Amino acid sequence: MVSDRGYVEELADVEDDFDRWYVEVVRKAEMADDSPVRGTRIIRPYGFALWENIQRQLDDRIKATGVENAYFPLFIPKSMLEREAEHVEGFAPEVAWVTHGGNKKLEEPWAVRPTSEAIICPIYSRWVQSYRDLPILINQWSNVVRWEERPRAFLRTVEFLWQEGHTAHSSLDEAEERTLQMLEVYRDLCETELAIPVVPGLKSDSEKFAGALRTYTIEAMMGGKHWALQSATSHNLGDHFGRVFDIEFLDKQGERHFAFNTSWGLSTRIVGAVIMVHGDERGLKMPPRVAPTQAVIVPIWRKDNERADVEAAVERVRSSLGTDLRVKVDLRDDKTPGWKFNDWELKGVPVRIELGPRDIQNEQVMVVRRDTGEKQAVPMAELPGVLPTLLDEIQANMYESARKMLEEKSERVTDYARLKERAAGNEGFSYVYWCGSEECEDKVKAETHATIRCIPLEQPGESGPCIVCGTTSDTEVIFARAY
RNA sequence: CGGGGAGUGGCGCAGUCCGGUUAGCGCGCCGCGUUCGGGACGCGGAGGUCGGAGGUUCGAAUCCUCUCUCCCCGACCA
């Protein structure tokens with residue numbers, strides 16, 4: 001029912017109980033549903049439509065850098081997965097195994113891919129003999145399985161969807177360049193399309209990808225508890241995988257070298273980020289550029305004779321908007337307008353267009369923004385011009401709000417007690433100097449549950465005492481709790 | 001994997017301690033009518049065997065044993 005607030009009451013309070021709010025909004029907005037299989041979730045059409053829009057934007061950007069799509073198998077023979085020692089060790093606890101085919105026990109078990117380096121690299125080995133065969137630039141859209149405890153829709157599920165790019169290069173410098181290039185692609189995607197500001201940075205050794213030389217990440221700040229979410233990663237694998245999977249080539253001088261690899265991925269987890277960064281007490285708030293529905297038209301009428309006029313006007317308005325915008329008309333006659341308003345707000349549709357008898361009289365529509373709640377009358381004839389601009393404004397405003405949150409909930413901390421206080425109080429990102437030792441990193445983690453999210457690429461260019469041991473360091477890191 | 005909580009129509013819950021009529025309630029759903037500018041209302045109706053298995057008993061949602069699942073808090077993670 002509706003309370004004094006004037007909107008859905010059945011949603012947990014976004015400030016008081018953010019985790020519960022998340023679970024509820026995911027379900028009520030029909031983003032995802034529970035599944036009968038432990039740890040997995042069903043992505044419903046509305047949630048999948050968002051993913052598809054993100055996918056399209058990212059796919060275009062990836063291809064624009066010269067990468068092609070391909071597809072490698074879901075299964076990896078045990079011996080292959082085990083070739084790279086650090087890699088296996090890192091993933092061992094979360095690998096699902098196929099031990100039987102039909103009624104027959106397999107001679108060698110197959111791993112269900114937790115990521116595909118171990119199946120892709122051996123193939124690259126076959127394709128590469130000469131420096132002329134490099135670079136190899138391939139991406140695949142796939143599902144992977146990681147046997148996680150504690151599933152949360154989109155954020156952490158046993159099976160999830162993602163893209164994983166895998167490249168091979170003739171030099172470490174070129175691999176590093178590609179690693180950073182893809183990190184930039186992710187940053188641009190998040191900030192431009194999803195209105196999510198991120199902090200690009202390097203992972204500490206303890207947080208990096210199993211088997212990587214270096215892992216870069218973009219970290220975003222979620223709403224509610226201001227925890228961090230690792231939103232995409234890009235790894236420079238050095239020649240570790242080239243060596244163990246024997247990706248060898250002859251250079252111009254006829255000398256033998258191992259190839260240098262990169263891999264980089266962004267998953268359906270990002271959908272969780274969109275939900276948590278932008279959502280509010282009324283529900284979701286979709287960034288216009290990727291919103292499954294950018295505007296919804298709600299007809300309003302009382303009597304049947306009004307209905308015919310209104311629905312005709314609605315159709316005129318809808319067709320005047322063309323096909324470039326994703327516009328939906330809500331013709332349901334078993335729901336009242338008020339019910340629909342709440343429903344579309346819960347689903348986060350950026351713009352609502354109300355059209356009733358009074359509007360027809362005035363040759364106008366009422367236009368309501370989801371981000372600010374602002375309502376204005378717009379002459380019907382002007383709507384096709386106004387709407388795209390309005391969507392751009394909403395996109396910009398949503399980015400700006402998220403940026404403000406990131407700024408306001410980030411603090412440079414020099415006092416260890418303050419760091420603890422901030423972690424305990426869900427106060428966001430703490431920027432601190434760190435000496436680089438794992439002991440100091442672990443101590444903070446053990447005492448505050450905050451981890452090093454990244455070493456931001458943008459450094460202050462000064463030095464200061466390590467937050468734990470006091471050793472002078474010029475490395476600043478972000479400590480925060482993370483999903 | 002450790003600690004805590006919970007499984008009862010689609011959803012949210014009551015009933016369980018102290019076994020005993022046809023297992024209730026709100027929302028939702030179906031039909032009809034009145035409604036419709038911020039989650040409308042009336043009347044009529046459908047739908048559960050109480051997570052699962054076993055046991056105790058004349059009788060089990062309720063007691064006992066085993067088991068599965070989900071949620072929250074910790075250890076590990078895109």
Side-chain angles (χ1 to χ4, degrees), chain A residues 1-12 17 19-20 22-24 27-28 33-39 41 90-95 114-115 142-164 186 203 206-210 215 217-220 228-235 263-273 282-283 298-304 306-307 310 330 332-346 352-361 365-366 368 373 375 377 445-446 449 451 482-483:
Chain A
M1 290 288 93
V2 154
S3 68
D4 299 343
R5 299 192 293 189
Y7 52 86
V8 266
E9 194 177 57
E10 303 98 90
L11 204 55
D17 197 347
D19 292 332
R20 177 140 191 208
Y22 181 80
V23 169
E24 289 185 358
R27 203 173 58 81
K28 289 177 200 273
D33 204 353
D34 296 339
S35 125
V37 183
R38 197 201 131 271
R41 293 287 138 101
F91 281 103
E94 31 185 349
V95 173
T115 176
S142 69
N143 59 338
V144 287
V145 169
R146 298 184 186 175
W147 213 260
E148 303 282 0
E149 305 297 324
R150 305 259 249 126
R152 266 149 105 40
F154 299 113
L155 300 179
R156 188 181 299 104
T157 45
V158 166
E159 180 189 5
F160 60 92
L161 307 180
W162 73 344
Q163 59 64 221
E164 46 177 329
Y186 292 138
K203 283 290 185 187
S206 70
E207 298 275 338
K208 75 179 185 191
F209 178 76
T215 290
T217 175
I218 50 172
E219 298 286 324
L229 186 78
Q230 178 176 306
S231 303
T233 47
S234 187
H235 316 290
S263 66
W264 23 275
L266 175 140
S267 74
T268 37
R269 166 179 266 196
I270 202 73
V271 172
R282 292 178 184 228
V298 179
I300 294 158
W301 45 269
R302 290 165 204 269
K303 305 176 194 86
D304 278 345
E306 284 177 346
R307 177 178 186 172
V310 166
D330 189 347
R332 288 177 288 185
D333 62 1
D334 61 327
K335 305 287 188 221
T336 62
W339 196 96
K340 293 175 183 178
F341 297 167
N342 284 290
D343 192 39
W344 293 114
E345 281 170 3
L346 174 65
R352 179 175 75 242
I353 299 164
E354 303 175 15
L355 205 173
R358 292 206 297 264
D359 302 307
I360 295 179
Q361 294 274 303
V365 293
M366 296 305 300
V368 185
K375 191 166 178 170
K445 189 173 169 180
H449 295 122
T451 51
Y483 282 99

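Just so we're on the same page: letters track the sequence lines, and every chain starts at 1. Note that the structure is a prediction, hence the values are computed from the model and not measured.
- Residues satisfying the ring pair (Phe, Tyr, Trp, His ring centres under 6.0 Å) criterion with F209(A), sequence neighbours excluded, are H87(A), F91(A), H235(A).
- Pairing for C1(B) is with G74(B), a Watson-Crick or G-U wobble pair whose two hydrogen-bonding atom distances lie under 3.5 Å.
- Taking the P atoms as reference points, C17(B) lies 36 Å from C29(B), given to the whole Å.
- Annotation: ring pair (Phe, Tyr, Trp, His ring centres under 6.0 Å) contacts of Y483(A) (sequence neighbours excluded): W227(A).
- Applying the ring pair (Phe, Tyr, Trp, His ring centres under 6.0 Å) test to W301(A) and every residue at least two apart in sequence or in another chain returns nothing.
- Heavy-atom neighbours of R152(A) CZ from other residues, nucleotides or ligands within 6.0 Å: above the threshold of 12.
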Under 3.5 Å, which N/O atoms of the protein pair with N/O atoms of nucleotides 29-33 of chain B?
unit_1: C29(B); atom_1: OP1; unit_2: K335(A); atom_2: NZ; d: 3.1

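- In this entry A40(B) has U34(B) as its Watson-Crick or G-U wobble partner, both defining distances falling under 3.5 Å.
- The CG atom of D304(A) sits 9.5 Å away from atom CG of D333(A), with the distance rounded to the nearest 0.5 Å.
- A cation-pi arrangement is absent between R146(A) and F160(A) under the rule of less than 6.0 angstrom and at most 45 degrees off the ring axis.
- Taking T217(A) as the reference, E219(A) meet the side chain to side chain donor-acceptor pair (under 3.5 Å) condition, with sequence neighbours excluded.
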Protein-proximity profile, nucleotides 71-78 of chain B, B/S/- by nucleotide at the 4.0 Å heavy-atom cutoff, equals S-BBBSBB
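- At a threshold of 4.0 angstrom between heavy atoms, the contacts of R332(A) with the nucleic acid are absent.
- In summary, the side chains of S142(A) and W162(A) do present a donor paired with an acceptor at a separation below 3.5 Å, with no hydrogens or angles considered.
- With C36(B), C11(B), G38(B) as the choices, the nucleotide that has an atom nearest any side-chain atom of R27(A) turns out to be C11(B).
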